[in-house]
Amino acid sequence: SSDLLVYLHPEQIEIVERVRDLLNLEVSAACSPSTGGTAAVADGLGADRLSDLRRGMVEIHPDLIWMLTLDDIGNDARLLLLQGGGAPVLTMEPTAASISDAVTVGSCDGIVFSPLMRRSPVLTVFHDLRESFGQVRSVNIAMRGHQKHGSLYARLTDAVDMMEYLCGPAEQVDSAMSGPLGDPPSALGTMQGHLTVNARFAENCCACLHVSNMGAVWARGVTILGENGCIRLTDRVFEWW
């Protein structure tokens with residue numbers, strides 16, 4: 001097993017439990033944006049309470065740091081994450097300032113944004129068969145989840161990464177967003193709601209994205225139309241008609 005330091009909100013405990021049990025990880029310490037939250041997540045996971053994330057990153061020496069949220073981590077802790085030099089960091093929120101940086105760089109100094117659908121096993125199957133499938137002409141990508149699964153920015157980053165993998169860089173993009181009423185978000189990471197994107201590409205190709213972090217349940221699906229049929233992908237299913 002490997003020692004894991006986690007930073008999360010209480011409503012994300014179930015996510016950690018499922019991954020911990022699946023990968024045989026040991027949660028050694030847990031921290032949350034709030035003091036009450038730290039007690040809840042640590043006790044819920046049977047881990048040590050970590051009142052200061054930065055101190056834990058420096059002193060505990062975990063095998064892996066998993067950031068399920070980047071809320072209120074503080075400038076010192078954020079700087080340590082970005083500089084690297086410690087344990088590998090897995091984050092459910094993009095650390096890049098823009099989506100283009102996130103999908104181009106992918107990771108920075110040991111920081112890996114996950115889950116990216118492009119790294120899933122079904123995409124390995126598609127990659128092996130891509131030449132046989134031929135030119136991609138039209139793509140539909142739908143990715144949704146609950147707010148505990150991450151921000152709208154996280155879902156959009158995943159979807160754009162997949163779109164560019166399949167179609168290349170877009171020449172023309174049109175988008176629309178709906179969501180909770182209120183002031184516009186001050187940062188990409190605080191985006192909440194639903195978003196659609198229509199894109200056109202140079203190689204006689206088009207794509208549409210539908211992403212949401214208010215979709216109740218986790219679901220990701222991709223439909224690819226091309227010269228040799230239709231491919232349908234989910235996190236667990238590969239179908240070619």
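Excluded from the calculations below are hydrogen atoms, water molecules and symmetry mates; all remaining heavy atoms, backbone and side chain alike, are included. One is the number of the first residue; the rest follow in order along the sequence.
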Gap between atom [atom2] of [Y] and atom [atom1] of [X] - 0.5 Å precision:
X: Arg200; Y: Cys208; atom1: CZ; atom2: SG; value: 14.5 Å
X: Ile13; Y: Arg18; atom1: CD1; atom2: CZ; value: 14.5 Å
X: Cys31; Y: Ile65; atom1: SG; atom2: CD1; value: 11.0 Å
X: Arg118; Y: Asp161; atom1: CZ; atom2: CG; value: 4.0 Å
X: Thr223; Y: Leu233; atom1: OG1; atom2: CG; value: 8.0 Å
X: Phe201; Y: Glu164; atom1: CZ; atom2: CD; value: 7.5 Å

Verdict with reasoning, Val41 to Tyr7, per side chain to side chain contact (heavy atoms under 4.5 Å, CB included): CA-CA 9 Å; Val41 299; Tyr7 184 76; over 6 Å; no

For the backbone of [Y] and the side chain of [X], can you confirm whether one donor and one acceptor N or O come within less than 3.5 Å of each other?
X: Asp48; Y: Ala29; value: no
X: Ser114; Y: Leu90; value: no
X: Glu93; Y: Ser151; value: yes

Short side-chain donor-acceptor distance under 3.5 Å, His9 and Asp71: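 Checked: Asp71/His9 side chains pair up, N/O donor to acceptor below 3.5 Å.
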
Are the side chains of [X] and [Y] in touch, meaning some heavy atoms are under 4.5 Å apart?
X: Met143; Y: Met117; result: yes
X: Trp66; Y: Leu68; result: yes
X: Phe113; Y: Met92; result: no

Whether over 12 other heavy atoms sit under 6.0 Å from Gln135 CD: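 Yes.
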
Phe126-Trp240 aromatic ring centre distance below 6.0 Å: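 They do not qualify: ring centres at least 6.0 Å apart.
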
Side chain to side chain contact (heavy atoms under 4.5 Å, CB included) between Arg220 and Arg144, worked out: CA-CA 6 Å; Arg220 298 190 294 188; Arg144 68 180 185 272; over 6 Å; no

